[in-house]
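Here is the structure we will look at.
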2 protein chains.
Amino acid sequence: MKSNEASMKDVAILAGVSTATVSHVINNTCNVNDKTKMKVTKAIKELNYKVNPTARRLRTGNSKIIGFVVSNLAHYFYQEIGAKIEEILNKNGYELFYINSHEDPEKEKQQLELCKLEDFAGVIVVPVNNDWSNLKDIYDSKPIVFIDRKPKNVRRDVVLITNTQSSFNLTNYLISKGAKKVAFISPQLDNTMQLRLDGFKDAMIQNNLSIDEDCIIFTKHKPKTYTDLAQDEEWNRILDYVINEKKIDCIISGNALFAFGAISYFKKNNIKLQKDLLFGTFDNAFWMMNLDQEIVVIEQNTKAIGEKAASILLKRLNGEAFIYDDYCIDTKLLTLNDKADK
Amino acid sequence: MKSNEASMKDVAILAGVSTATVSHVINNTCNVNDKTKMKVTKAIKELNYKVNPTARRLRTGNSKIIGFVVSNLAHYFYQEIGAKIEEILNKNGYELFYINSHEDPEKEKQQLELCKLEDFAGVIVVPVNNDWSNLKDIYDSKPIVFIDRKPKNVRRDVVLITNTQSSFNLTNYLISKGAKKVAFISPQLDNTMQLRLDGFKDAMIQNNLSIDEDCIIFTKHKPKTYTDLAQDEEWNRILDYVINEKKIDCIISGNALFAFGAISYFKKNNIKLQKDLLFGTFDNAFWMMNLDQEIVVIEQNTKAIGEKAASILLKRLNGEAFIYDDYCIDTKLLTLNDKADK
DNA sequence: TTGTATGCGTTATCAT
DNA sequence: ATGATAACGCATACAA
């Protein structure tokens with residue numbers, strides 16, 4: 001389909017030069033006489049010429065597009081990270097496309113394949129696939145930075161939070177508040193959750209508290225909306241079980257998604273947190289601040305995470321060589337909505 | 001940059017045919033002998049050949065990518081719509097890229113320009129720019145569907161909710177609950193807000209209630225995080241003003257963003273909704289269900305909105321010709337967290 | 001049914 | 001300093 005846009009050829013003809021010269025002017029790739037440069041610039045303006053990125057990409061194999069492939073875009077958490085990433089990348093001439101893998105490994109694989117075929121300059125990924133031994137080739141040529149989860153069998157830059165330490169701190173804090181029998185509950189056991197679990201166990205052991213493995217629960221929930229989640233019967237069963245049968249006095253939630261479901265349960269059952277039941281969770285989600293529940297949270301520094309991921313990616317894009325490493329961002333332990341607030 | 005991927009030429013050589021034949025096999029564009037078809041298919045598999053979308057796009061001017069350009073991706077509302085759109089488009093062989101315009105008209109313009117340059121097959125837009133007289137050419141050749149807001153000076157398909165009617169119903173309902181002096185507050189006065197305002201005014205007039213124009217307030221807030229919003233001093237001033245000075249007995253919120261800020265204010269000031277103050281809002285956001293406030297909401301049917309937008313776009317992509325129209329999706333008036341719940 | 005040849009809009013090599 | 005030309009990988013008009 002012939003587009004009605006001006007091409008480089010049109011510019012060249014109007015300016016009375018060759019396409020090579022136009023290209024040189026556009027890309028500053030060669031010393032061009034000021035006079036001819038003027039002519040070309042004028043022609044470009046006159047025709048409202050825009051470089052065709054598709055043609056450029058076919059020729060060079062490079063684009064100015066970064067893919068942000070996210071396990072579940074609906075989490076506000078990733079939106080804050082994404083905004084920071086976008087801000088930094090935009091400043092450096094890149095555009096960010098958000099891609100939602102919906103916690104589906106197969107879908108993520110196809111999307112990453114597409115990013116490669118589309119010659120994206122690089123990708124930032126909140127990975128769903130845990131084992132990357134079959135995915136290594138998918139992004140071997142272009143920079144890739146992982147966020148939030150560290151997949152296996154791939155050596156690349158990873159930006160995480162201090163998972164084990166934060167979990168240790170959270171558990172310790174709740175123990176200091178009187179927790180004796182603690183449950184750890186979360187959807188999906190991935191690498192990140194494993195680290196959080198480690199911190200939890202360490203704290204329990206150091207405090208000479210026994211760990212009941214029955215109260216460490218990971219569900220296999222496929223992605224759901226928050227609304228669906230709150231009404232999910234499985235959450236109710238699990239919470240009924242640990243609270244009524246196992247008689248735990250404290251729950252640690254692995255992320256904001258479970259926290260939402262749990263809080264819905266607490267509301268229904270009229271449970272006052274930190275009084276009737278100690279409760280701590282990873283993530284400080286915006287909606288928590290308007291609740292009438294006191295919640296202990298591990299706040300992740302989304303700005304710092306985004307900034308780190310973007311700056312590492314930029315360095316890689318610029319061809320800087322440095323060792324692939326894990327970057328851990330500190331968290332903050334906060335108590336939301338406690339009486340001291342007022 | 002020479003990629004190490006197999007090209008169509010490699011396939012042709014291995015299969016002992018011409019590239020034209022390979023192309024025909026891939027695109028079913030010509031009757032090809034079963035035997036040669038087999039040979040080609042085998043070679044494709046053997047080389048793990050993938051069509052290069054960039055080259056195809058340069059040649060044909062078409063891609064299988066749809067852009068979803070959203071005013072602010074952080075709103076969960078758009079995530080639900082997006083998920084539905086994606087589901088439908090994926091089934092039809094299209095991939096969806098999410099693009100965040102951050103309520104920035106200039107940015108949106110550039111992004112739409114990029115979608116055009118990248119030869120996206122089409123776009124679905126929650127528009128930030130209100131006047132499209134200078135943007136018409138930007139997407140004149142490819143299908144475009146607007147969602148949630150109807151921009152001026154462009155005749156294209158628009159998927160909206162029944163804004164005026166819903167607002168009328170909401171206002172009427174609150175009046176039936178005793179509202180006499182009502183404030184209407186929202187960030188950003190766009191076309192959609194104007195319609196909601198119209199419905200509000202109609203209801204007030206029909207009920208012989210006077211409208212205080214000082215209590216109709218639109219702020220010019222640039223996008224902020226929810227967290228920032230809750231602490232924004234401007235909201236506090238506005239709410240102080242209408243509640244304490246203007247002595248209103250009811251507030252209608254134009255969207256979930258303002259509702260969040262307002263609820264934060266109510267919490268701080270210990271105001272019990274529907275008792276101390278009547279309150280209704282557009283949008284049923286997931287976080288509202290866990291509050292200890294009774295809230296009257298206009299729930300938008302995100303699935304229906306997404307489905308309508310995607311199906312219209314698909315029809316346009318398939319070249320079906322029909323009149324550009326506005327499609328209005330019904331809403332539901334709900335009361336969240338009322339005592340009858342238990 | 002299959003192959004040849006051309007062009008999509010760039011960039012890059014090599015002359016001039 | 002500038003221009004002619006090939007090549008990126010594919011689709012397609014046309015010839016065989």
Side-chain angles (χ1 to χ4, degrees), chain A residues 1-41 43-44 47-65 114 116-119 121 141, chain B residues 1-41 43-44 47-65 113-114 116-121 141:
Chain A
M1 181 194 296
K2 173 79 182 152
S3 124
N4 52 353
E5 298 297 309
S7 76
M8 189 175 273
K9 201 174 180 181
D10 300 324
V11 174
I13 291 170
L14 181 59
V17 297
S18 76
T19 60
T21 305
V22 177
S23 179
H24 282 142
V25 170
I26 289 171
N27 300 303
N28 269 323
T29 175
C30 195
N31 278 355
V32 178
N33 187 303
D34 273 354
K35 235 185 226 160
T36 52
K37 191 184 276 186
M38 292 280 279
K39 281 194 298 183
V40 171
T41 320
I44 288 177
L47 294 171
N48 189 29
Y49 166 75
K50 305 253 173 30
V51 175
N52 180 327
T54 304
R56 172 180 279 176
R57 192 180 311 180
L58 178 62
R59 187 55 229 255
T60 65
N62 290 311
S63 73
K64 298 296 269 182
I65 292 172
L114 184 62
K116 184 188 179 180
L117 290 174
E118 291 283 350
D119 289 314
S141 45
Chain B
M1 182 195 297
K2 174 78 181 153
S3 122
N4 53 352
E5 298 296 309
S7 76
M8 189 175 272
K9 201 175 181 182
D10 300 323
V11 175
I13 291 170
L14 181 60
V17 298
S18 75
T19 60
T21 306
V22 177
S23 178
H24 283 141
V25 170
I26 289 170
N27 301 303
N28 268 324
T29 174
C30 195
N31 277 355
V32 178
N33 188 303
D34 273 353
K35 236 185 225 160
T36 52
K37 193 183 273 184
M38 291 281 277
K39 281 194 296 183
V40 171
T41 319
I44 287 176
L47 295 172
N48 190 27
Y49 167 75
K50 306 253 173 29
V51 175
N52 179 325
T54 305
R56 172 180 280 176
R57 192 181 310 181
L58 179 62
R59 182 61 226 262
T60 66
N62 289 311
S63 73
K64 297 296 268 182
I65 293 172
E113 182 72 44
L114 184 63
K116 184 187 181 182
L117 290 174
E118 292 282 349
D119 291 313
F120 281 13
S141 45

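Chain letters run A, B, ... following the sequence lines, proteins first, then strands; residues in each count from 1.
No engagement by A/K37 is indicated, since no non-hydrogen atom pair under 4.0 Å with the nucleic acid exists. Among the protein residues, A/T36 comes within range of the sugar-phosphate backbone only, with heavy atoms under 4.0 Å from sugar or phosphate atoms but none that close to a base. Heavy atoms of A/M8 sit under 4.0 angstrom from at least one base atom. Nucleic acid contact for A/V51: sugar-phosphate only, since backbone atoms but no base atoms lie under 4.0 Å from a heavy atom of the residue. Looking at heavy-atom distances under 4.0 Å, B/T29 makes no contact with the nucleic acid at all.
At a threshold of 4.5 Å between non-hydrogen side-chain atoms, the residues A/E118 and A/I65 do not count as touching. Taking the side chain as every heavy atom from C-beta outward, A/Y49 and A/I26 approach each other to under 4.5 Å.
The distance between atom CG of A/N27 and atom P of C/dA12, rounded to the nearest whole Å, is 7 Å. The separation between B/L58 atom CG and C/dG9 atom C1' is 6 Å, rounded to whole Å. C/dC8 atom C1' lies 9 Å from atom CG of A/N52, rounded to whole Å. At whole-Å resolution of the value, CD1 in B/I26 and C1' in C/dT2 are 15 Å apart. In this structure, B/L117 places its CG atom 15 Å from C1' of C/dC8, rounding to the nearest Å. Computed from coordinates, the B/N31 CG to D/dT12 P distance equals 16 Å when rounded to whole Å. The distance from atom CG of A/D10 to atom C1' of C/dT10 is 13 Å, rounded to the nearest whole Å. Between the C1' atom of D/dG9 and the CG atom of A/D119 lies a distance of 11 Å, rounded to the nearest Å.
In this structure A/K9 satisfies the salt bridge (Lys or Arg N to Asp or Glu O under 4.0 Å) test with no other residue, sequence neighbours excluded. Under the rule for a side-chain hydrogen bond (donor to acceptor under 3.5 Å, both in side chains), the partners of B/K116 that lie at least two apart in sequence or sit in another chain are A/E5. Residues meeting the side-chain hydrogen bond (donor to acceptor under 3.5 Å, both in side chains) test with A/K39, sequence neighbours left out: none. Every residue was checked against the salt bridge (Lys or Arg N to Asp or Glu O under 4.0 Å) condition with B/K64, not counting sequence neighbours, and none meets it.
Identified under the side-chain hydrogen bond (donor to acceptor under 3.5 Å, both in side chains) test for residues 11-32 of chain B, with sequence neighbours left out: B/S18-B/T21, B/S23-B/N27, B/N27-B/R56.
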Please list, pair by pair, any protein nitrogen or oxygen found under 3.5 Å from a nitrogen or oxygen in nucleotides 3-6 of chain D.
unit_1	atom_1	unit_2	atom_2	d
D/dG3	OP2	A/S18	N	2.9
D/dG3	OP2	A/S18	OG	3.3
D/dG3	OP2	A/T21	OG1	2.5

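Each of B/C30 and B/A55 has a nearest nucleotide on DNA chain C; the 5'-most of these lies closest to B/C30.
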